[in-house]
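Worksheet: the structure to be examined is printed underneath.
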Amino acid sequence: MSAWVLRAVGLGALVVVLRVLLGLLMGSLPTYGTLWRAACLLVIVAVAVTWGIRDARSTSGTDLTVRWLAAGIAAGLGSGAVCLILDYVPGIELGGSGVLFELTSAASFIMLLIFLPALAGVGYGHARAGRPAKAAPAPVSEPEFAPAQ
């Protein structure tokens, strides 16, 4: 399994589980809604940062930006599609959002919620490992021509 697919499936499943749990908690204790939402956001961010740090320490000199971007996009779209389907199941309340919202706004929010903390974790992991992130190649200098006579 590709590295970004594993991250997308894991974090997408985490988002779905947390959204279902949030729906159940909001139905039973709605006065603590802000606390539940903040706790779910913190869990997602903490997992993304931790996984980013682990990636940076285990891979040397590999650019992880595209890996995490692909994982964030797939996790956002996948979790939005699964939550859209689960919203039609009786007893599971996820807010009744439409297809357009789930596959655009919610997916982009989840993508950023995964991508940005993961890259922060990658940067921290590279700094703690004592090696810089992969630097851009040095510019090639132009050859100098002999002066005209």
If a pair satisfies salt bridge (Lys or Arg N to Asp or Glu O under 4.0 Å) and one of its residues is in [range], list it, with sequence neighbours excluded.
range: residues 4-18; value: Arg7-Asp55
range: residues 65-79; value: none
range: residues 103-113; value: none

Is the shortest side-chain heavy-atom distance between Tyr32 and Leu25 below 4.5 Å?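 No, every pair of side-chain atoms sits at 4.5 Å or beyond.
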
Tell me whether Val17 shares a hydrophobic cluster with Leu35, the cluster being built from Ile, Leu, Val, Met, Phe, Trp, Tyr side chains joined at under 4.5 Å. no

Contacts satisfying side-chain hydrogen bond (donor to acceptor under 3.5 Å, both in side chains) that involve residues 36-48 (not counting sequence neighbours) are none

Show me the side-chain donor-acceptor pairs of residues 103-121 shorter than 3.5 Å, one per line, residues at least two apart or across chains.
residue	atom	partner	partner atom	Å
Thr104	OG1	Leu100	O	2.3
Ser108	OG	Thr104	O	3.0
Ser108	OG	Ser105	O	3.0

Enumerate, atom names and distances included, each donor-acceptor pair closer than 3.5 Å involving a side-chain atom of residues 75-87, sequence neighbours excluded.
residue	atom	partner	partner atom	Å
Ser79	OG	Ala75	O	2.8
Ser79	OG	Gly76	O	3.3
Asp87	OD1	Leu94	N	3.2
Asp87	OD2	Gly96	N	2.9

With sequence neighbours left out, write down each residue that passes side-chain contact (heavy atoms from CB on, under 4.5 Å) with Ala74, or none if nothing qualifies. Trp4, Ala8

Using side chain to side chain donor-acceptor pair (under 3.5 Å) as the criterion, list what pairs up with Arg19, not counting sequence neighbours.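 With sequence neighbours excluded, Arg19 shows a side chain to side chain donor-acceptor pair (under 3.5 Å) to Glu102, given in chain and number order.
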
Could you tabulate the donor-acceptor pairs under 3.5 Å formed by side-chain atoms of residues 42-54, not counting sequence neighbours?
residue	atom	partner	partner atom	Å
Thr50	OG1	Ala46	O	2.7

